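So the structure is just underneath, and the comments pick up after that.
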Amino acid sequence: MAGVGQLHLGTPFLPSASIRGRSSGGGGSRRLTTRIQAKIREIFMPALSSTMTEGKIVSWVRAEGDKLSKGESVVVVESDKADMDVETFYDGYLAAIMVEEGDVAAVGSAIALLAETEDEIPLAKSQASSSSSPAASPRAAETPVPPSPSETAPEAVSSPPPSPKSSQAAVSSTHPASESGRRIVATPYAKKLAKDLKVELGSVAGSGPMGRIVAKDVEAAAAVAAAAAPVSSVPPKSISDSAAVKAPASPAIQLGTVVPFTTMQGAVSKNMVESLSVPTFRVGYTITTDALDSLYKKIKSKGVTMTALLAKATALALTKHPVVNSSCRDGKSFTYNSSINIAVAVAIDGGLITPVLQDADKVDIYSLSRKWKELVDKARAKQLQPHEYNNGTFTLSNLGMFGVDRFDAILPPGTGAIMAVGASQPSVVATKDGRIGVKSQMQVNVTADHRVIYGADLAAFLQTLAKIIEDPKELTL
Amino acid sequence: MQASLSLPPAAPRSDPGPAVFRRSAFRFCGLRREALGLRSLRPAGSTRIFRSPARTPSRKTVTAVSGNGIGSLSKGFDYDLVIIGAGVGGHGAALHAVEKGLKTAIIEGDIVGGTCVNRGCVPSKALLAVSGRMRELQNEHHLNALGLQVSSPGYDRQGVADHANNLASKIRNNLTNSLKALGVDILTGVGTIADTQKVTYGKVGFPDTEITARDIIIATGSVPFVPTGIEVDGKTVFTSDHALKLEWVPEWIAIVGSGYIGLEFSDVYTALGSEVTFVEALDQLMPGFDPEIGKLAQRVLINPRKIDYHTGVFAKKITPAKDGKPVLIELIDAKTKEPKYTLEVDAALIATGRAPFTKGLGLENINVVTQRGFVPVNERMQVIDASGNLIPHLYCIGDANGKMMLAHAASAQGISVVEQIGGTDNVLNHLSIPAACFTHPEISMVGMTEPQAREKAQQEGFEVSVAKTSFKANTKALAENEGEGLAKLIYRPDTGEILGVHILGMHAADLIHEASNAIALGTRVQDIKFAVHAHPTLSEVLDELFKSAEVNTGVSPPSVNEPVTV
């Protein structure tokens with residue numbers, strides 16, 4: 001059995017080409033010939049057994065910045081058979097750890113950088129961050145790290161070394177600390193998640209007992225951050241532009257690649273699969289919007305948006321049909337929700353989020369419009385707090401702006417109904433008095449949980465909604 | 001016999017300096033060193049348990065009394081043997097005493113079974129059995145790998161609590177019945193030593209009944225140790241006594257102390273959905289374990305779970321939850337005493353060890369001064385008085401003497417004492433007593449840790465070798481998809497003597513006995529490696545472990561067994 005405590009391995013610390021000494025030589029020039037000039041060496045995942053293809057970093061014995069002497073244990077690696085200490089064959093400083101504890105790396109891939117002098121630590125760090133940034137997601141570590149160490153172009157040397165925390169800093173800079181001076185109370189799992197998901201706890205609002213931060217707060221914050229990240233991706237992108245020449249400068253999609261889910265995509269996927277357990281049905285309705293359109297034109301200058309008008313109309317209709325605003329969570333009972341909170345789906349890069357207009361039936365249309373603008377701004381700046389996007393009782397999804405005339409929405413688990421709103425289009429209609437006229441009409445299609453909401457409920461609700469929209473004076477009351 | 005939850009108290013709170021901590025952290029080793037110091041290592045093949053026909057000089061008095069032989073021992077006395085305390089130690093001693101023909105009584109002021117059966121290992125095993133299953137059912141990844149599909153497992157807290165309680169009463173009844181069936185008198189009341197060979201007992205406030213006994217064994221056990229500054233209300237701040245009743249499952253619980261008790265409870269609570277914060281006074285978690293095992297345990301039992309920890313800190317003050325406020329735990333640096341942090345949690349479990357229960361024993365009547373509550377004894381469990389002399393006819397076993405705070409150690413000590421009373425000298429080899437922690441996976445150990453072995457090796461000038469095997473290479477473990485684990489053998493390459501074995505992995509607590517028996521019987525690595533293990537079983541982890549050891553001598557020359565043809 002390979003129960004050896006210490007292993008002497010020549011391979012893990014093959015000297016990499018020094019940045020300075022790097023000539024026009026191709027990828028294969030990393031040889032001992034450059035060793036004299038080599039200042040930054042790569043530490044590779046060693047092959048600890050003949051069958052080992054990848055290794056898991058059990059623990060880093062030494063920390064970044066530590067001075068290492070030849071023969072000292074640096075890292076503990078778990079192979080398919082046992083755990084082994086791996087020692088360095090060179091003196092130097094552990095400059096940058098590229099594969100964190102608990103993550104997996106393929107045999108031969110770089111797991112850390114060793115700088116010969118202290119001065120070179122920042123340089124090594126920049127080298128490390130440029131090569132590890134494409135796989136920044138902690139879960140991405142499940143996929144093997146590419147075996148060839150990233151090649152750092154000369155430009156990287158001159159660029160200021162980006163702190164490895166830069167992406168995190170970008171997140172937290174847009175998250176004002178919840179309350180300055182107050183210490184953070186977070187549960188153990190919340191802390192662990194925050195570390196894994198790279199969420200700054202100071203920016204998370206706690207929803208647990210006594211305002212403590214619990215796991216779901218962190219997950220929610222990570223989902224918001226992930227959703228908003230592409231929007232504010234300007235600073236991180238500039239870093240990758242300057243530091244990693246090989247990394248694609250544009251976020252163009254590489255065809256044929258397999259991309260692991262982002263946190264948000266993972267959450268959406270989970271929710272969507274979960275939605276399959278709810279028996280849903282759909283009821284559609286065509287609503288004439290001429291009156292609504294003219295009202296909109298009239299009060300548009302006061303900052304009123306169409307979304308707010310639709311939300312308001314829906315909320316008013318819901319007051320008369322509380323069952324459509326109910327929700328069934330356990331399959332045994334259902335809740336008549338005490339308030340009418342209209343969630344409105346908003347597409348953002350990399351996903352979608354549903355900011356919630358709370359008490360939409362009670363708030364006047366002008367405040368509602370202001371609130372909506374604020375929520376959208378917050379969503380774009382990934383500042384939405386969990387209570388601003390996860391307590392909707394009825395969801396609106398509108399694809400009308402794309403010219404879509406009708407579609408079908410999936411019911412988000414935990415709510416009773418969702419309404420898909422199509423574009424309002426001029427249509428030729430026959431009126432009851434036998435004439436033919438042109439009217440603007442839109443089609444709405446409601447998906448509902450048939451365990452609690454029945455066909456007649458939806459039909460009645462849609463009739464009420466149509467009446468409100470076709471005679472919208474109630475909306476401005 | 002179940003392994004006890006007991007661990008000596010982490011440290012006296014009055015003087016929690018680092019030095020004291022280091023000492024108490026090595027309580028096991030302290031006693032081991034003592035046991036080791038008694039004799040040099042025996043030559044190969046000799047037994048580890050001493051059975052000398054001749055009595056030692058210190059036992060002359062007893063020899064005089066017991067000279068008439070078994071059967072007439074109780075002449076002039078009410079009983080041959082009176083045991084104070086009906087825990088596992090007292091029970092084990094009583095059973096053996098009856099076997100030896102001694103007229104025996106056992107005094108119990110509370111309920112039969114003591115800590116282990118009522119408030120320790122037994123109910124905790126019930127909770128751990130539940131937590132182990134919950135953990136399996138919740139591990140979707142693991143289940144999928146086995147091809148199993150289980151949807152939303154849940155538990156009924158009261159049902160779990162009842163299981164623990166029912167198990168305790170069942171074992172308690174078994175214990176009581178076995179004592180009664182054997183004719184042991186169970187005397188109810190608090191036992192006090194009135195004089196040499198004289199015990200009084202009775203309920204508090206009632207006239208005491210006095211009985212005489214030729215020999216007396218103190219087996220009063222221990223209670224949870226609660227450091228000063230910690231206010232235990234039994235609801236939000238509690239000890240293992242309350243926790244085992246599982247009256248509620250807090251969302252977030254701080255566990256003060258990361259020894260066996262703390263670790264086992266962290267296993268229970270996290271499986272039932274709690275999040276756990278450890279508070280440990282030493283610089284690392286699980287200070288009693290072999291460092292390598294501790295490291296692996298942290299990786300397997302702490303890091304992947306909803307657990308965080310503060311090490312090198314004391315809980316200076318713990319205030320139970322009241323008036324809408326959570327439980328407040330003020331942490332100070334263990335060395336500098338500077339305030340470090342305040343935890344706000346739903347509950348706190350105090351698992352800082354156990355304190356001997358020796359109050360009211362009347363030790364002052366016989367000039368015995370306890371050391372931090374423990375009754376001082378020699379290696380034969382004979383009680384030592386304030387002037388350093390042995391008190392005739394008085395023994396102390398189990399948690400009350402603090403040598404090794406494990407239920408089965410108490411029982412073994414009791415049996416050893418009864419052997420001596422019966423005229424056979426006997427010194428228990430504590431190094432052969434296994435210990436186990438019933439987490440998932442389990443941890444078990446016997447003998448010395450690697451640092452202890454290396455220290456001893458340096459002092460005595462011998463070589464130490466270490467062999468290791470992984471559960472990853474074991475067929476049965478892989479079939480169960482439980483490849484996480486390690487077995488470690490510490491041995492002398494020159495003689496093949498087994499110094500210690502440590503196991504972390506599936507069913508480790510059951511696997512350790514092959515090693516503990518080998519140590520107890522003095523079996524050498526080069527001999528045991530030829531023993532056959534059924535395939536495929538987890539025991540092959542040990543088989544491979546013994547086989548991977550490199551011993552420089554051949555098979556021990558005088559073969560015990562002649563080959564037999566069948």
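The sequence lines fix the lettering, A, B, ..., with proteins before strands; numbering per chain opens at 1. Just so you know, these numbers come straight off a predicted model, no measurement behind them.
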Item to complete: Under 4.5 Å, counting heavy-atom pairs only, tell me which of B/L486, B/L545, B/N303, B/L343 racks up the most with chain A.
Response: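 Between B/L486, B/L545, B/N303, B/L343, the count favours B/N303.
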
Does a donor on one side chain and an acceptor on the other come within less than 3.5 Å for [X] and [Y]?
X      : Y      : result
B/E292 : B/H502 : no
B/E544 : B/T469 : no
B/D308 : B/T277 : yes

Fill in: Sequence-distant partners of A/A194, side-chain contact (heavy atoms from CB on, under 4.5 Å), two or more places apart
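Scan of A/A194 (side-chain contact (heavy atoms from CB on, under 4.5 Å), adjacent residues dropped) gives A/V199, A/L201, A/V218.
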
Worksheet item: How long is the span from the CD atom in B/E480 to the CG atom in B/N474, to the nearest 0.5 Å?
Response: 10.0 Å

Item to complete: Tell me, out of A/G208, A/A186, A/P209, A/S59, who's got the most heavy-atom pairs with chain B below 4.5 Å.
Response: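 The answer is A/A186.
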
So what's closer than 4.5 Å to chain A heavy atoms on [X]: side chain, backbone, both or neither?
X      : answer
B/T342 : both
B/Y341 : side chain
B/E484 : side chain

